[in-house]
Each structure stands twice: as C-alpha cells, then as structure tokens.
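The structure that follows is given in the form of structure tokens.
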Amino acid sequence: MDVSQLDKYRWQIARDTSSGMHVPGIVYSDEILMRKVLQDKSLQQVANAATLPGIVEASLAMPDIHYGYGLPIGGVVATRVSDGVVTPGGVGFDINCGVRLLTTQLEAPAIKKQISNLLQSLYNNIPCGVGSRGRLKLSRKELRRVLQKGSRWAIQNGYGLAEELDRTEEKGAFEETDPDLVSPKAMDRGSQQLGTLGSGNHFAEIQVVDTIYEKNIATAFGLHEGQITVMIHSGSRGLGHQVCTDFLSVMGTATKKYGIKIPDRQLACAPLSSVEGKQYLLAMRCAANYAWANRQIMAHWARETFMKILGLSPRDLGMISLYDVAHNIVKIETFTIKGKKQKLAVHRKGATRAYPAHHNAVGEYFKAHGQPVIIPGDMGTHSFVLVGTEKALEQTFGSTCHGAGRVLSRKAAIKKAKGRIIQQELEQKGIMVLAKGRQTLAEEMPEAYKDISRVVDVVHNCGLSKKVARLTPLGVIKG
DNA sequence: ATGTTC
C-alpha cells in the first residue's frame, strides 16, 4: 500500500487500480495518532472500501480509526444511489449506536454531595448489561410502532418532551421503514430491551461543563461553565445486532448474484437499486428508529431520577436534550460533487454527521450556528461538544469523528488490566463508577483508547468541526 | 457491539 502524508492532518492511500480501487483513501489524523494506525490492518480496510461499486471522491477515515468488521470504525464511505452499493459492514452491528446530551439548570457545587445518590438511582432506573431486560414489555404490534415512529413513539407514550424531537438527528425517526423486514428473531430480541443501556462502551454519565471554547455558540446551545449535564451512549441493542446479522447473510448471496467483486467478504453488499439493497435500508431504518426511541426513553428516566432525588420541579431542573446524534448509520443525502447535485448513500461507521449553519437538514434551533456534534470520551476521560462546519460538507460528506477510538483490542485490554482495580483507579480521579461487570471495566479502561483530546483537536484544527465545550465526568454507569 | 461460541 502506498501511504503518503498530504498535509498536516491528512494521509492518502494512493489509488491502486490493479487492486480495483475506484478512488484513493484519505485518513484524517496527526503524526502521533498515525504511528499506531500505520501498524494495524485498518488502513487496508480503508483501501478495501475504495473498491466498492459507486464510491465517490475517496474512502475516508476519521482520526479515531481502528480495525472493525469490513469497514474500519471511523470510516466514511459515500456511494452513488444511481449505480452504487450499500454494505452492512459500512454501518456495523450496533445500528444507530449514538449519543444524547442533556443539559440542566444545575450547577456542579450545589449537587456535589448528591452525585452518589443520583448515580445509584440512575443505575436502579436504567437497566444495564448484556441481555438486560427493560422495564417495558412490548407486544409485537407495539414494537412495530416503535420501529416505524422512533422517538415519536416514545414522546407520544409519555417518555419525554415534544421539543426533544427537533433536538434529535432526523427528528428521531426515518419515515421510510418496513417492520416486516425485521426478522421474528430480531423482534423477539427487541421486545424486552427498549429502555436498556447495553454493555461494552455504552454508558450513562453525570458530567460538568469544564471548558467553553466558543461562548456565543455555547450560549445558543444552552451550555455554560460549571453546569451539570447527562450523557447517554447506547444503540439498538439485540434488535439492531440481529438485523445486521440477518442481512449479512442476504448480502453474501447478493454479492455473488450481482457479480460484485470485493476484496473482503465482510464488505458483502448489494446495489442500492436492488431488492436486497432496498430491503436492507428499510430494515436498518427500523433498527435506527428503535435506537432513537431507546435513548429517548432512557433520557426521560434520567430526568425523572433527578427530579425525584433532588426534589425539583421540571422547570427548576430544566433537563432537556441538547441533541442526539447517530454514529453508526447509512443515510441517503444530497451532495454537490464536482458541481453536480447527487444522491449518495453516506455510510458513517463510527463517524458523526457535522452539518453547518443554514443546512436544510439542521433543525430550527441550530440553524444559525450549525448542528451540535456530541463526542463521548471513553470511561474516565473528557467528552466534547462541537459544531458542524462547511468544510465537513465539502471534504467528508458532512462528517467528523465519533469518539476516542480503540488502541487496544478488548482482549489486550483485559490482559493489561490484570491485577488492577479499574474502578478504584477511576474513583481516585474523582469519578464514581457503577458497573455490572468487572470485565467490562477492564475492556473499557482509559488506556484501551486513543487520547480523545488529540482526536478532537485533529477534527478541530483541520476544520471538520469546531470545539464548543468540554465535559468532565463525575459519575458513570455501565453495563 | 452482541442472549460475549447458532
């Protein structure tokens, strides 16, 4: 592979036509982050994606890039709807994994003594862990409604505020869905998991805003220094995982049927114009809607928890979603490519949409400044709020990074944590942790991840998004 | 990420 540095924050993988690349690969990074990336197999995955039929401009990767299934985490791939393909490997197993940030009217010093109570109560009210079952048990009929209506189902059933819909990407629901394409197995897995956090890197966190970078934008977003916020990182649970699994098998057959040559079976795909391609999109959107409803419901329970423990009215607490972003998803979006408007299937796998001010898809609340970009840190480190930019629209199909990105595999992290008590290490840093399993804490320890500040600085410095605020964790619950 | 090996 021919990898060369283009400028301070970009590396290019030259287009190699002999291996079938239609476009080059471009990785946004810096010299220090890139050292490790050059040693792993994720760059080969960037190159592999460049062979997908209909890919435009370049196979992209964000600074949080690491090895994944088919496409790396941190990958962004846009294909022409007219003659391109869609690949489940470009979305990932956790369809619409994403993040929601809630702002409050609370100041950190005032509730410092209550953090422990709040965290324990959050842990009681939000089911955590692999295979955890929720407080809701949905009939098949009701679950179908969730898959069609997403966050709107949650709001209409009393889990949240109507204003929160405009503060969610896609208003919390894709309209074009087909629940009949979600298998009975996926429906079974989903019926008892709505309103559950999950495991792995998923978390709910009580935070304090510790730095403001852009005063005007922060104020417009309702953020100020010393303020308490709550962040929820979760996805579509077993339902989304099953939808992905089901369609990987469909796509394996479709790849052969349509005579598509791919260098890695994990990039199994189908033309967007084919039955298989269209069906995947319709099923993927059901899972995405489930994830939005999931985060909406947990956000509501977080609000109820705070009201109860602090004895505050909704007005005095003032807890509301600032925004909710998807970072594992494929969406049909319109872009101007070489002066021509084109419909593209933008695969963001561990990448966040970052639309600028005055973009049509950005809701009224954020029109003046651009879309809030919510970047969760790994356990025990800072999280960030950024805002989308024109440059992202021009260079990365309106995309930026999604988090820190792993440097150690789960297995390597467990090995490194052997003999240590990660929970104690975090508590010494002033971060309370409540978790289901010790193994998850080992897998998710800070050393398993890249430096989030460095990752965010790359996207900030190269203009893919702009830093608005930094958040410090006070307490975290995990699966 | 995941009823963590259908």
Side-chain angles (χ1 to χ4, degrees), chain A residues 42 45 64-75 87-100 127-134 137-138 143 182-204 232-250 252 266 283-284 286-288 290-292 294-295 298 325-330 347-352 376 378-379 402-415 417 435-445 448-449 477-479:
Chain A
S42 57
Q45 294 187 312
D64 43 350
I65 178 174
H66 61 103
Y67 185 76
Y69 182 94
L71 194 71
I73 318 297
T87 172
V91 174
F93 280 87
D94 191 5
I95 295 166
N96 192 3
C97 183
V99 208
R100 177 177 296 232
C128 304
V130 173
S132 56
R133 290 172 175 190
K137 308 254 182 292
L138 299 181
L143 180 54
V182 176
S183 70
K185 207 169 170 181
M187 295 293 275
D188 279 345
R189 292 179 73 172
S191 64
Q192 295 190 81
Q193 292 190 322
L194 196 63
T196 65
L197 192 63
S199 182
N201 63 1
H202 291 168
F203 65 76
I232 295 170
H233 180 199
S234 184
S236 51
R237 310 286 290 104
L239 183 140
H241 195 276
Q242 191 63 46
V243 167
C244 180
T245 303
D246 292 340
F247 274 88
L248 281 172
S249 137
V250 172
Q266 294 185 352
M284 189 238 30
C286 286
Y290 183 93
W292 272 313
N294 191 33
R295 291 194 290 274
M298 288 187 285
V325 297
H327 57 221
N328 281 6
I329 207 154
V330 55
H347 301 69
R348 295 191 184 94
K349 184 190 192 178
T352 313
D378 47 286
M379 186 174 60
H402 89 304
R406 281 192 166 274
V407 278
L408 297 180
S409 67
R410 291 176 193 280
K411 216 171 144 184
I414 290 168
K415 201 174 158 190
K436 267 274 158 70
R438 287 241 313 264
Q439 180 163 315
T440 305
L441 290 183
E443 289 174 357
E444 297 300 319
M445 69 176 171
Y449 284 86
I477 67 171
K478 289 188 73 74

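Chain letters run A, B, ... following the sequence lines, proteins first and then strands; every chain starts at 1.
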Interatomic distance, A/Lys478 NZ vs B/dT4 P [rounded to whole Å]: 19 Å
Classify the nucleic acid contact of A/Gln193 as base, sugar-phosphate or nothing, counting any heavy atom under 4.0 Å across all strands shown.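 If one applies the 4.0 Å heavy-atom cut-off, A/Gln193 turns out to touch the sugar-phosphate alone, with no base involved.
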Expressed in angstrom and rounded to an integer, what is the separation of A/Gln192 atom CD from B/dT2 atom C1'?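 Value for this atom pair: 17 Å.
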Is A/Arg237 near enough to B/dT2 that one of its side-chain N or O atoms lies under 4.0 angstrom from OP1 or OP2? yes
Using modelled atom types and a 3.5 Å cut-off, is there a donor and acceptor pairing between side-chain atoms of A/Ser236 and backbone atoms of A/Ile95?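 Between the backbone of A/Ile95 and the side chain of A/Ser236 there is a qualifying donor-acceptor contact (under 3.5 Å).
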With sugar-phosphate meaning primed atoms plus P, OP1 and OP2, does A/Gly235 contact a base, only sugar-phosphate, or nothing at under 4.0 Å between heavy atoms? nothing
Integer-rounded Å distance: B/dT4 P and A/Ile414 CD1: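 A/Ile414 atom CD1 is separated from B/dT4 atom P by 15 Å.
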Between A/His241 (NE2) and B/dT4 (C1'), how many Å, whole number? 9 Å
A/Glu443: salt bridge (Lys or Arg N to Asp or Glu O under 4.0 Å) partners, not counting sequence neighbours: A/Arg410
Contact class for A/Ser199 (heavy atom, under 4.0 Å): base, sugar-phosphate, or nothing? sugar-phosphate
Without decimals, in angstroms, what is the distance between A/Leu248 CG and B/dT2 P?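 Those two atoms, CG and P, are 16 Å apart.
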Can you tell me the distance, in whole Å, between the CD atom of A/Glu443 and the C1' atom of B/dT2? 11 Å
Is the side chain of A/His402 donor-acceptor paired with the backbone N or O of A/Ala351 at a distance under 3.5 Å, no angle test? no
Name all residues meeting the ring pair (Phe, Tyr, Trp, His ring centres under 6.0 Å) criterion together with A/Phe93; count only those two or more places apart in sequence or in a different chain, and write none if there are none.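 Partners of A/Phe93 under the ring pair (Phe, Tyr, Trp, His ring centres under 6.0 Å) test: A/Tyr69, A/His241.
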Find the distance A/Lys185:NZ to B/dT2:P and express it as a whole number of Å.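 Taking NZ of A/Lys185 and P of B/dT2, I get 16 Å after rounding.
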Calculate the interatomic distance between A/Ile95 atom CD1 and B/dT2 atom P; express it in whole Å. 12 Å
